[in-house]
Number of protein chains: 2
Amino acid sequence: MDFYKNEPQTLLAVDCVILGFNGESLEILLVKRGIAPERNKWSLMGGFVYEDESPEKAASRVLKKLTNLEDLYMENCGIFGEPGREERRVVSIVYFALIDATQYRHILSEEYEAKWFPLDKHPKLIFDHEDMISTAKHTLRTKAALYPILFELLPEKFTIPQIASLYECVYNIDLDKRNFSRKLLSSGLLIKLNEKDKENSRKGAFFYRLNMDIYKEKIMSFLRYLPSWSVDE
Amino acid sequence: MDFYKNEPQTLLAVDCVILGFNGESLEILLVKRGIAPERNKWSLMGGFVYEDESPEKAASRVLKKLTNLEDLYMENCGIFGEPGREERRVVSIVYFALIDATQYRHILSEEYEAKWFPLDKHPKLIFDHEDMISTAKHTLRTKAALYPILFELLPEKFTIPQIASLYECVYNIDLDKRNFSRKLLSSGLLIKLNEKDKENSRKGAFFYRLNMDIYKEKIMSFLRYLPSWSVDE
DNA sequence: AAATTAAGTGTTAATTTGACATTAATTTTG
DNA sequence: CAAAATTAATGTCAAATTAACACTTAATTT
């Protein structure tokens with residue numbers, strides 16, 4: 001049987017706010033749009049949702065097409081569907097994706113003209129894509145306040161000064177590195193390696209990697225108004 | 001000009017997880033579905049997104065149609081678009097809405113056969129609506145851990161024991177009411193009224209109302225890994 | 001008037017936080 | 001090759017917050 005015959009159909013798209021960290025600052029990966037309208041202008045990477053896939057799947061596909069990467073950290077951070085947002089009615093679901101940009105740099109797809117820009121100094125974008133970036137930033141901040149997701153922006157092996165500067169630039173603050181490091185270490189999230197990063201300082205900073213068990217546990221562990229033992233999921 | 005001519009169109013719907021609190025436990029408002037398929041089975045209130053409105057707007061419209069209430073606290077908490085989730089391909093955007101159920105009880109629309117059920121003991125629902133409820137619950141918990149949104153479930157005037165038991169049932173825990181109340185009061189969020197609720201105890205508990213200025217401030221104020229002064233937005 | 005009930009205030013020890021000082025491991029420079 | 005420079009890492013301590021628990025208070029019921 002064929003239901004919903006007279007219901008309105010919509011063009012459904014996904015757009016990806018792809019964020020990376022270069023050790024100094026946050027970057028965003030933008031593409032030169034390949035199709036009309038607004039062809040050749042800078043925009044977020046996006047695409048339409050096919051009939052045989054979920055929006056999430058579409059976002060992964062689009063991401064992979066651009067970067068060749070799979071299983072990236074990805075999260076919905078908004079839905080843009082105001083009638084006038086494009087010439088033609090398109091509802092767009094926005095995802096932000098976190099990439100370890102150091103690993104990545106090389107593998108840029110040849111099919112797209114893509115480029116990393118400083119997150120706070122990128123070219124003007126089409127439609128409401130700048131608003132999409134704003135909500136992505138906001139979601140990133142909120143989420144990272146509860147969950148240790150910023151590690152998704154770092155290589156497998158990272159140093160404490162690296163994470164500290166990542167937090168500093170996500171929240172645009174100065175951290176007391178000593179207190180920060182103590183707090184972080186006490187979480188049990190980090191495993192110290194027997195190896196130092198000598199790139200960035202004379203003394204060198206020890207590498208750490210994530211303790212994945214704790215990483216997963218940490219989810220839902222900082223409830224306000226509630227004693228910390230109270231989490232049961 | 002007419003772009004995107006050959007792109008696939010999708011049926012786009014919204015579904016609402018409508019939550020209420022009766023002083024004892026959380027409840028969910030369900031409707032008997034009016035259209036085929038699955039006509040007359042219990043489901044979330046939903047509807048299709050019209051061509052001239054955003055999904056958010058559609059959710060408000062649908063909510064108002066059922067409850068006659070406007071400006072409810074509402075938030076997107078998931079997108080369900082797996083190809084096989086309904087007989088026909090429909091992508092559904094899920095919102096949860098918080099209602100002060102005590103005020104509400106009466107104004108149930110006549111058009112719909114709607115009924116409040118205990119959140120943890122409701123009839124079987126169509127399609128993936130039970131999964132929608134699960135994600136709504138999860139979003140509610142996460143969100144309420146950062147933001148004081150649970151007040152949206154209470155009347156304008158409420159008592160501290162009321163909020164405490166609300167938190168207890170959202171997180172399924174026992175709270176030390178004394179510590180909880182002290183913590184809450186120290187937030188500056190509450191304004192004490194000169195009036196007591198005598199319904200629920202002999203001594204009676206003072207009514208409070210929200211300090212809306214602080215309420216808005218409280219957003220983004222509990223960052224983990226960051227000193228509390230560091231918020232700048 | 002005494003018993004009962006739940007609200008609300010106090011007390012204290014343990015933990016966490018924030019501010020700051022010091023030591024340690026390197027490399028660069030003179 | 002020693003001294004200076006740089007940044008990592010550890011240490012200290014007072015202040016604030018939390019968690020656990022005892023007690024007082026206001027009102028109703030018996």
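Just so we're clear, the structure is a prediction, and the values are computed from it rather than from any experiment. Chain naming here is simple, since letters A, B, ... match the order of the sequence lines and numbering starts at 1 in each.
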S.K.: With the side chain of A/Ala205 defined as its heavy atoms from C-beta on, choose the nearest nucleotide among D/dA9, D/dA26, C/dT17.
M.R.: D/dA9
S.K.: Taking only the side-chain heavy atoms of A/Asp176 (C-beta and beyond), determine which of C/dA19, C/dA6, D/dC21 contains the nearest atom.
M.R.: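 Of C/dA19, C/dA6, D/dC21, C/dA19 is nearest to the side chain of A/Asp176.
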S.K.: Could you tell me the separation between the CZ atom of A/Phe206 and the C1' atom of C/dA24, rounded to a whole number of Å?
M.R.: 11 Å
S.K.: Ignoring hydrogens and angles, are the base of D/dT25 and the side chain of B/Lys203 linked by a donor-acceptor pair under 3.5 Å?
M.R.: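 Yes.
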S.K.: Would you say the side chain of A/Arg178 and the base of C/dA21 hold a donor-acceptor pair, judged only by whether the two atoms sit under 3.5 Å apart?
M.R.: yes
S.K.: When the distance from NZ of A/Lys192 to P of D/dA9 is rounded to whole Å, what number comes out?
M.R.: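 Those two atoms, NZ and P, are 7 Å apart.
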S.K.: What is the base-pairing partner of D/dT30, counting Watson-Crick and G-U wobble geometry with both distances under 3.5 Å?
M.R.: C/dA1
S.K.: Would you indicate what B/Lys177 reaches in the nucleic acid, counting non-hydrogen atoms under 4.0 angstrom: base, sugar-phosphate, or nothing?
M.R.: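 Here B/Lys177 touches no strand at all.
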S.K.: Quick one: does A/Lys115's side chain get under 4.5 Å of A/Leu30's, heavy atoms only?
M.R.: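 No, every pair of side-chain atoms sits at 4.5 Å or beyond.
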S.K.: Identify which nucleotide among C/dT27, C/dG10, D/dA27 has an atom closest to any side-chain atom of A/Lys198, counting heavy atoms from C-beta outward.
M.R.: C/dT27
S.K.: Expressed as a whole number of angstroms, how long is the span from A/Leu175:CG to C/dG18:C1'?
M.R.: 12 Å
S.K.: If the plane angle is over 60° it's perpendicular, under 30° parallel, otherwise tilted; pick one for B/Phe151 and B/Phe158.
M.R.: tilted
S.K.: Flag the pair B/Tyr167 / B/Ile163 as yes when at least one side-chain heavy-atom distance between them is below 4.5 Å, and no otherwise.
M.R.: yes
S.K.: Whole Å only: how far is the CG atom of B/Asp174 from the C1' atom of D/dC21?
M.R.: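 From B/Asp174 CG to D/dC21 C1': 16 Å.
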S.K.: In this structure, how many angstroms lie between the C1' atom of C/dG18 and the CD1 atom of A/Ile173, rounded?
M.R.: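 Rounded to the whole Å, the gap is 13 Å.
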S.K.: Does the pair A/Ile133 and A/Leu125 meet the rule for a side chain to side chain contact (heavy atoms under 4.5 Å, CB included), with working shown?
M.R.: CA-CA 10 Å; A/Ile133 294 180; A/Leu125 302 179; 3.5 Å; yes
S.K.: Assess whether one donor atom and one acceptor atom, taken from the side chain of B/Asn179 and the base of D/dA20, lie less than 3.5 Å apart.
M.R.: yes
S.K.: Quick one: on DNA chain D, does A/Arg182 or A/Gly204 contact a more 5' nucleotide (nearest heavy atom)?
M.R.: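 It is A/Gly204, whose closest nucleotide lies nearer the 5' terminus.
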S.K.: Phosphate oxygens OP1/OP2 of C/dT26: is one of them under 4.0 Å from a side-chain N or O of A/Lys196?
M.R.: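 Yes, because at least one side-chain N or O of A/Lys196 sits under 4.0 Å from OP1 or OP2 of C/dT26.
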S.K.: Measure the distance from CD on B/Glu199 to P on C/dA7 and round it to the nearest whole Å.
M.R.: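 One finds 14 Å between P of C/dA7 and CD of B/Glu199, rounded.
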S.K.: In terms of the angle between their ring planes, are B/Trp42 and B/Phe117 parallel, tilted or perpendicular, with boundaries placed at 30° and 60°?
M.R.: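 Perpendicular.
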S.K.: To the nearest Å, give me how far apart CZ (B/Phe207) and C1' (C/dA7) are.
M.R.: 14 Å
S.K.: Nearest nucleotide by nearest heavy atom, which residue falls closer to the 5' end of DNA chain D, A/Ser201 or A/Leu185?
M.R.: A/Ser201
S.K.: Send over the distance from A/Lys183 NZ to C/dT17 C1', rounded to a whole Å.
M.R.: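 Rounded to the whole Å, the gap is 7 Å.
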